[in-house]
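Have a look at the structure below before the remarks.
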Amino acid sequence: KPAKRLSSDSNSHEGAAAGEISALEEAFRKFAVHGDTRATGKEMHGKNWSKLCKDCNIIDGKNVTTTDVDIVFSKIKGKSVRTITFEQFKEALQELSKKRFKGKSDEEALQEMYKLIEGKGPGLTGVTKTVASPTVSRLTDTSKFTGSHKERFDASGKGKGRAGREDLVDNSGYVSGYKHAGTYDHKVQGNK
């Protein structure tokens, strides 16, 4: 059996060919660099570890909670470092798999864990879902705007940009809205 493991059977986790990275490692890398421009993808810090656990449904709120995830992370990372390597990541998953899939053998639980993660990347889950709630649509329906806000949008609901936001200054010297604007000059001339 161990000999067969080394074939490039795409399902095996240990036997991936040297140049080829497993779906698990790819997911690890995607999460490891998430939100960190300097990250190499070789190590993952705690924030991204808990994001991975949330996004991949490892945290189920019953068997595995955010606290469990944090505890496992602190236990597995070295004392003076703030990140875990891919190897430590697999150890952490092994720890959590016992809790997440109680009643399965260690090996089975770990395979289930891998299935949750493989092929995943840090989705923007829950970050900016647009919710079609009546409150939001009421707030964003420009046709229902009143007062000065109404003037910022044209009939199609498209913003007018600067002209809708700023009072473009009228230097005529008349109070805005004055009916007889522009009549001063010929009144004065007429009285001479």
Side-chain angles (χ1 to χ4, degrees), residues 1-140:
K1 192 175 180 182
K4 185 176 178 276
R5 257 268 152 82
L6 294 170
S7 70
S8 65
D9 174 12
S10 64
N11 239 349
S12 83
H13 291 284
E14 291 92 335
E20 176 189 307
I21 64 167
S22 65
L24 183 72
E25 190 167 354
E26 194 171 335
F28 170 81
R29 285 187 184 176
K30 280 183 190 155
F31 278 98
V33 297
H34 178 72
D36 186 351
T37 46
R38 294 187 314 268
T40 56
K42 298 206 180 342
E43 283 140 8
M44 182 182 287
H45 51 78
K47 192 168 151 237
N48 286 3
W49 158 249
S50 42
K51 180 169 176 54
L52 179 142
C53 292
K54 276 192 201 85
D55 288 6
C56 297
N57 297 327
I58 292 170
I59 296 173
D60 61 359
K62 292 194 301 283
N63 305 326
V64 178
T65 63
T66 36
T67 315
D68 297 323
V69 166
D70 293 342
I71 291 169
V72 167
F73 184 82
S74 327
K75 196 163 99 184
I76 279 171
K77 72 176 181 60
K79 281 265 180 288
S80 57
V81 288
R82 292 169 50 203
T83 55
I84 54 172
T85 63
F86 182 61
E87 292 311 313
Q88 290 169 315
F89 168 71
K90 288 201 291 196
E91 275 174 60
L93 290 179
Q94 197 145 19
E95 284 278 323
L96 284 174
S97 67
K98 294 174 196 147
K99 290 182 74 107
R100 179 72 167 79
F101 299 101
K102 286 194 174 92
K104 293 199 175 194
S105 72
D106 287 2
E107 183 58 32
E108 263 186 314
L110 194 56
Q111 292 303 327
E112 288 296 322
M113 241 359 201
Y114 288 170
K115 278 190 194 126
L116 288 174
I117 299 167
E118 286 174 343
K120 291 263 176 50
L124 297 173
T125 45
V127 179
T128 47
K129 277 207 180 83
T130 45
V131 185
S133 79
T135 317
V136 173
S137 57
R138 199 172 65 234
L139 294 172
T140 54

Practice task
Give the C-alpha distance, both sets of side-chain angles, the deciding distance and a yes or no for side-chain contact (heavy atoms from CB on, under 4.5 Å) between Ile58 and Ile117.
Solution key: CA-CA 8 Å; Ile58 292 170; Ile117 299 167; 3.6 Å; yes

Practice task
Report the residues that fulfil salt bridge (Lys or Arg N to Asp or Glu O under 4.0 Å) with Lys54, sequence neighbours left out, ordered by chain and then residue number.
Solution key: none

Problem - Which residues share a salt bridge (Lys or Arg N to Asp or Glu O under 4.0 Å) with Asp60, sequence neighbours left out - result: Arg100

Problem - Pairs flagged by salt bridge (charged side-chain N to carboxylate O under 4.0 Å, His left out) wherever residues 28-41 is involved - sequence neighbours left out - result: Glu25-Arg29, Glu26-Lys30

Practice task
With sequence neighbours left out, write down each residue that passes side-chain contact (heavy atoms from CB on, under 4.5 Å) with Thr67, or none if nothing qualifies.
Solution key: Thr65, Ile71

Completion exercise
Residues at least two apart in sequence or cross-chain that pass salt bridge (Lys or Arg N to Asp or Glu O under 4.0 Å) with Glu112, listed by chain then number, are Lys104, Lys115

Problem - Residue list, side-chain contact (heavy atoms from CB on, under 4.5 Å) with Asp70, at least two apart or on another chain - result: Ser50

Exercise for the section: Assign the ring pair Phe89 / Trp49 to parallel, tilted or perpendicular, where the plane angle (0 to 90°) is split at 30° and 60°. Expected result: perpendicular

Exercise for the section: Name all pairs fulfilling the salt bridge (charged side-chain N to carboxylate O under 4.0 Å, His left out) condition that reach into residues 72-88, sequence neighbours left out, sorted by first residue then second. Expected result: Lys75-Glu95

Problem - salt bridge (Lys or Arg N to Asp or Glu O under 4.0 Å) partners of Lys98, counting only residues at least two apart - result: none

Handout entry: Electrostatic pair Asp55-Lys120, nearest N-O below 4.0 angstrom
Key = no

Practice task
List in chain and number order the residues that pass ring-ring contact (aromatic ring centres under 6.0 Å, His included) with Phe101, two or more places apart in sequence or in another chain; answer none if no residue qualifies.
Solution key: none

Exercise for the section: Assess whether atom NZ of Lys102 is packed by more than 12 heavy atoms of other residues, nucleotides or ligands within 6.0 Å. Expected result: yes

Practice task
Using side-chain contact (heavy atoms from CB on, under 4.5 Å) as the criterion, list what pairs up with Glu43, not counting sequence neighbours.
Solution key: Thr83, Thr85

Exercise for the section: Determine, stepwise, if the pair Lys90 / Tyr114 fulfils side-chain contact (heavy atoms from CB on, under 4.5 Å). Expected result: CA-CA 9 Å; Lys90 288 201 291 196; Tyr114 288 170; 3.5 Å; yes

Practice task
For the pair Leu93 and Leu24, evaluate side-chain contact (heavy atoms from CB on, under 4.5 Å) and give the outcome as yes or no after the intermediate values.
Solution key: CA-CA 11 Å; Leu93 290 179; Leu24 183 72; 4.2 Å; yes

Fill in the blank from the handout: By ring-ring contact (aromatic ring centres under 6.0 Å, His included), Phe31 pairs with (sequence neighbours left out) none

Exercise for the section: Identify, with sequence neighbours excluded, every residue that meets side-chain contact (heavy atoms from CB on, under 4.5 Å) alongside Ser105. Expected result: Glu107, Glu108

